[in-house]
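Just so it is clear: chains get the letters A, B, ... in the order the sequence lines come, proteins before strands, and each one is counted from 1.
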Amino acid sequence: MRDDRSGPLQAAFFDRNALEVAPALLGKLLVHEIDAETKIVGRVVETEAYTGDDAAFHAWGIIDGPTGSVVPSGRGYDLFAPPGNAYVYLCYGMYWMLNVVTEREGVAGCVLIRAVEPIAGINEMYERRPTAANDISLTDGPGKLTMAFGIDKDHHKQSLCSPPLYFAHGPPPAEAIRTSSRIGITRAVDHQWRYFLEGNPWVSKGTPSDVAAERRRERHRGRPKRRRNSS
DNA sequence: AGTATGATTTCCT
DNA sequence: GGAAATCATACTA
């Protein structure tokens, strides 16, 4: 069976560990076919992996395995869905985050799409992001790219292996793949599970969480002890 | 240029 | 009640 490089990436691509899928997605194209005339395309330049062995994961604490029962509660339950499904959730009450579910159905895992480089439909992206000052700020962050692409709750649990929203093959990236700690989390900050294309201007500007945690410790060093639990 | 803060909703303890 | 996989704006220097 030949690999059709012109169509959407199929479920088999996502049917493995998030730590493999996350770097493999770099250089792939995120495509949203809004309607017959409108197609928004971006090149993936930054991803993060989230796995079952991960305290920062939304599925953390949900029982996983053939003998244990999976308790279907909370948003994390949707991370046990089939590979290639979308996991879209609201972050800080305002911004939609786009994730692709990885691993076979029944095993939780996902990859967060953190930044893309605009390839097509740039005018449509500006319409959806009126505050963007330039092409870079259009899609250089996970909340920014979902705004630019018009991705929200309606895409949650939908398949990303067929239109309207899907990934496609692209040219192999010329940039080197680099890793770091993930951004914006407070648990499992030492996992180097963020992947990005070195030097690409669309990579988000956030501080990796291990660096942020170190800076916090530095700032609080020598200060009087924080009073806690004064209910 | 770097740092701080408000917005706003869902989930968890 | 508080934190959360963020972003835009208003500060300070």
Side-chain angles (χ1 to χ4, degrees), chain A residues 18-19 21-23 25 30 44-63 71-80 85-102 108-116 125-126 128-157 179-196 202-220 223 226-231:
Chain A
L19 297 173
V21 177
L25 274 174
L30 176 63
V44 179
V45 300
E46 180 182 351
T47 59
E48 282 177 359
Y50 289 83
T51 78
D53 185 24
D54 178 2
F57 191 36
H58 288 170
W60 181 253
I62 297 180
I63 299 168
V71 180
S73 70
R75 58 188 177 185
Y77 184 63
D78 293 330
L79 289 160
F80 294 83
N85 262 32
Y87 175 79
V88 181
Y89 76 95
L90 191 61
C91 185
Y92 294 104
M94 257 175 288
Y95 303 105
W96 298 105
M97 301 286 112
L98 172 65
N99 297 256
V100 200
V101 173
T102 62
C110 73
V111 172
L112 168 68
I113 309 302
R114 281 196 59 88
V116 305
M125 296 189 201
Y126 273 108
R128 290 167 175 76
R129 279 198 37 69
T131 61
N134 51 54
D135 288 3
I136 301 210
S137 59
L138 214 42
T139 54
D140 65 339
K144 297 179 190 179
L145 78 89
T146 55
M147 283 186 262
F149 275 66
I151 295 168
D152 59 24
K153 190 165 192 59
D154 291 344
H155 299 275
H156 181 55
K157 292 168 79 173
T179 65
S180 80
S181 168
R182 294 168 293 179
I183 292 179
I185 56 172
T186 58
R187 310 168 76 177
V189 297
D190 289 328
H191 289 317
Q192 305 293 300
W193 289 352
R194 170 176 175 247
Y195 302 83
F196 59 97
W202 279 271
V203 171
S204 72
K205 311 303 184 291
T207 307
S209 297
D210 54 351
V211 178
E214 179 55 38
R215 291 219 278 248
R216 271 184 80 82
R217 278 193 295 274
E218 193 70 33
R219 198 160 36 242
H220 286 269
R223 285 201 180 181
R226 186 165 50 99
R227 190 184 302 269
R228 46 167 293 172
N229 194 22
S230 63
S231 85

Could you measure between the two P atoms, the one in C/dG2 and the one in B/dG6, and give it in whole Å?
15 Å
If pairing means Watson-Crick or G-U wobble with both distances under 3.5 Å, then the partner of C/dA10 is B/dT3
May I have the distance from A/L90 (atom CG) to B/dA7 (atom P), rounded to whole angstrom?
16 Å
Within-4.5 Å side-chain heavy-atom neighbours: A/D54 and A/W193
yes
Inter-nucleotide P distance (B/dT5, C/dA3), Å rounded:
15 Å
Scan side-chain atoms only and decide if A/R182 and A/S209 contain a donor-acceptor pair under the 3.5 Å cut-off.
no
In Å and rounded to the nearest 0.5 Å, what is the CD to SG distance from A/E48 to A/C110?
10.0 Å
Would you mind pulling out the nucleotide paired to C/dA3, Watson-Crick or G-U wobble, both distances under 3.5 Å?
B/dT10
Checking A/N99 side chain against A/Y87 main chain: does a donor-acceptor pair fall under 3.5 Å?
yes
Ignoring hydrogens and angles, tell me if any N or O in the side chain of A/S181 forms a donor-acceptor pair with the backbone of A/V189 under 3.5 Å.
yes
Can you build the contact string for nucleotides 3-8 of chain C? Use B for base contact, S for sugar-phosphate-only contact, and - for no protein heavy atom under 4.0 Å.
-BBBBS
Assign the ring pair A/H58 / A/Y89 to parallel, tilted or perpendicular, where the plane angle (0 to 90°) is split at 30° and 60°.
perpendicular
